[in-house]
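Beneath this line is the structure, given in structure tokens, with notes to follow.
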Amino acid sequence: MSPGAVLLVLVPAFCLLLSGNCLPASLRGHGDTILGQEIFKGVTNFSTFQLDRSSGMLFLGARDAILAIDTNNLNQQPKKIVWEVPEEKRNSCLGKGKTEEDCRNYIRLLEFIEDGRLYVCGTYAFDPQCAFLEPSSFTLEQNEDRGVKMETGKGKCPFEPSQHYTAVMADGLLYTAATSNFLGTQFDISRATGPEQERIRTEQSINWLSDPKFVSSAFIKQPEDNNPTGDDDNIYFFFTETAKEYDLYTKVKVPRVARVCKSDVGGMKTLQRRWTTFLKAQLVCEDKPSGQRFNILTDVFTTQHIPGDPSSTHFYGLFTSQWEPEDVSAVCVFSLSDISKVMDGPFKELKKPYENWINPEPVPTPRPGQCLNNALKTEGIESSLKLPDKVLTFVRDHPLMENSVTAAPLLVRKGIRYTKLAVNLKGSAEEQQAALLQLGTDRGELHQVAVVGQNATLLQEIPLFASQEPVNYIILHQGGALVSSPLSVARVQTQGCDLYPSCEVCARARGLGCVWSAGNETCLSTQANPGPGDIVDNALKMCQTYESRCHPSTMALKVSMGLRILLPCVQLSPRPCSWEYPPHRHTRQHNSDLEVTVAEDSLGKYVCTCQEGGPNVRDPTPCRRAAYHLMLEEPSVGGWARSKEGRHVLAVYILFFFMGLLLGAGLFYFVNQRKQNALQKPNSSQLSEKERELLSSTSTPQFPSSSSLLSCGFRMTEKRNGTTSTTTTTTLLSNHGNGGQHGNSFSGTNNSNGLYSNCKTSSSELKLSSEKLAANRAGVGESGQGDEIDKGLGDGLGEVLDINETEYKNLSRSQAPLAKCEESSI
Ligand SMILES: *[C@@H]1O[C@H](CO)[C@@H](O)[C@H](O)[C@H]1NC(C)=O
Ligand SMILES: *[C@@H]1O[C@H](CO)[C@@H](O)[C@H](O)[C@H]1NC(C)=O
Ligand SMILES: *[C@@H]1O[C@H](CO)[C@@H](O)[C@H](O)[C@H]1NC(C)=O
């Protein structure tokens, strides 16, 4: 083979496992829209989003600009306000040693205030400033000399554009968690606006906050008409910090939740202008059977399981792990009542780490950290200023609770880094509640996972943006999701069974009330109760192809030297899968899939085994999920030889799929051949901007060809607003694990990223798909050097081979300074 000849063979296990009939592209995404840089005309670095739900206007905080997009009419040009830093200001920022890039005005806060205006704060060249935006006219308020009317943003907005930061509005006052000095070495959770003497914050103590990365915040308001005990409203903050309580050499990170009470105004002598109610607890997201802990919090979505009932609030946390060398993501759910229990429990003794178990300090009354309520008020404590000193010193020294808030993951995925999540709930509170998770990845994708009871099932994976654009915001709105990256915004339909285009995807959405109608080949919504047992599995059995999950037949693969192949293995349980293979150095695991570069010593048997059984199950059972036998192909078959001359572009796709009940196997093999010139003529006219960029930046690979092979199975490619995006549909079975009796069995999910569809489309559709595939393939580097190929494929085919490149940019939010309190008009 010529050095450039690289062949990628993808074996679509999904079709194998579940179906021969994957889905035509046109059925999905009818309402989806993606707005990219051609719309935003150079405005970039979106990091803040605020949706006016009544008008449907989406406000975007960007670099030196605020945009407004009408979500009812996405095709309209967005409105724009430019808010830049004046030249001399920028120069003085540069003079302080900051970069050109950082000495701009990054809008980091957009919050509605009570009069309907938006409070807007930007980093303003390391001197945060705030302004008022009138939404109806979409203008910033001006002062007499027609400049933007500004007030200081210190304590409200970070100095630095990319620091972790979170802010929440609670009854007209702004609460923030941010860094509080220019250097970014001090951290504060504070009430950042309101009367000067009530702007209080955290004590500067590593017991309170120890190098925290703030993630999210939530305001939990008591129901006004149903609050007999007169409980105070709370503000919750979520962050990851360095554990103080473990005395280890490595810095152990711990995810935390902290609570403060809205009416807290600080202490009189002790804890003056500091929270008297600051309590924090550790969050534990742990897969008990494997002992794997996910200790870094990346995002939290807050939702009420019973609308209108704040006590039903649940926090869906997105986690990753400090200890995993690879990307890994987990979702754990914590209820407000569990957090409250821990906050009402014992305090952790932090003062004397070696003695804490001997003689814990007695807890004074009234209970330290307790919010004001009617009972305290009748005792004469109507304000935190009246709290006794011994209560305040106790709370100052004991901010951490002894117990942790624990949960088992609903979902664990290896090889994937989720950056954001949002959750739609289905069904009433009394009925079994189903949830639809929308998960954004660091590579511009949106994944949808159905969670019914404790069982999670992956529905689909939708690439929205270029792979270097992490999803940094998801807002649910009107049956859809507004998803954004620093450069783009998309609206994706997320609700409705008609989004699920095949029997298998529809079956996986059974818990969301969807059912496949074989008669008219659509996924319909139904009120019918799915009945007892594993509902996804039952629904899947109604689909034509269903193979026993743990007894796959061994698939023989003919390969040639130097070939790179991806062997898929679908993870169905929350615990990861492992591979057994001949001892050699030519593999890399991506998610649960294995990439093999064929060499002499890599031939032989490959078996993927996953541990089944949900969390809290002691002895997970191993389930063989996939088995392959790699053997050498006869040399010089058809296109192989020709590929030496090497100017033609060939795309090779193989789809194997099994039919029949147990071992009936059908194998389809697809090889598509294209000459380079053929590619440039008809195809380039269909190529989107992105693909053209790809073409120009990389050159053409050589793929062998064989016109005799059957074509079947690809990613679905569709055109959306001029951007070709690829919709993948993944297939997951629910867990047959043995943990059901605890009500804790989870059907975890995993899959490879390259997914394929369609053995059922008409030949013309098929052709179109394969042409696009060929076009995408053209982006693969000619040199055949691994990295370039990875890149090309990453873009063209959706990160099939491009996992290691993931540098996780934590774009979620950044941090702010809380300097001394300064004037604020809100
Ligand atoms: C702003 O966006 C540019 C282009 O995407 C990126 O290179 C840069 O790092 C971003 N800056 C910040 C502070 O996020
Ligand atoms: C599809 O199925 C639904 C429900 O069974 C039925 O009401 C409808 O008429 C069917 N549509 C077609 C085109 O067959
Ligand atoms: C969840 O999975 C378990 C084990 O597979 C099964 O017994 C249970 O019925 C499932 N629950 C639902 C609601 O599908």
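Only heavy atoms go into these numbers, but all of them, side chains included; no hydrogens, no water, no symmetry mates. Order of appearance sets the numbers: ligands from 1, and atoms from 1 within every ligand.
Remark: N424 pairs with L436, Q438, L476, T494, Q495 by the side-chain contact (heavy atoms from CB on, under 4.5 Å) rule, at least two apart or across chains.
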Listed pairs under 3.5 Å, donor-acceptor, residues 98-105 side chains, sequence neighbours left out:
from	atom 1	to	atom 2	distance (Å)
T99	OG1	D102	N	3.1
E101	OE2	R63	NH1	3.3
E101	OE2	Y106	OH	3.0
R104	NE	D64	OD2	2.8
R104	NH2	D64	OD2	3.2
N105	OD1	T123	N	3.2
N105	OD1	Y124	N	2.8
N105	ND2	W83	O	3.2

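Comparing D102, N472, L487, T44 against atom 5 (O) of ligand 1, the shortest heavy-atom distance belongs to L487.
Residue P161 approaches ligand 1 through these ligand atoms, each under 4.0 Å from one of its heavy atoms: 13 (C).
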Stepwise side-chain contact (heavy atoms from CB on, under 4.5 Å) check, D32 with R491: CA-CA 5 Å; D32 300 359; R491 186 178 59 196; over 6 Å; no
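On a distance-only criterion, E101 and ligand 1 share at least one N/O pair closer than 3.5 Å.
Taking the ring centroids of F59 and F49, they lie at or beyond the 6.0 Å cut-off.
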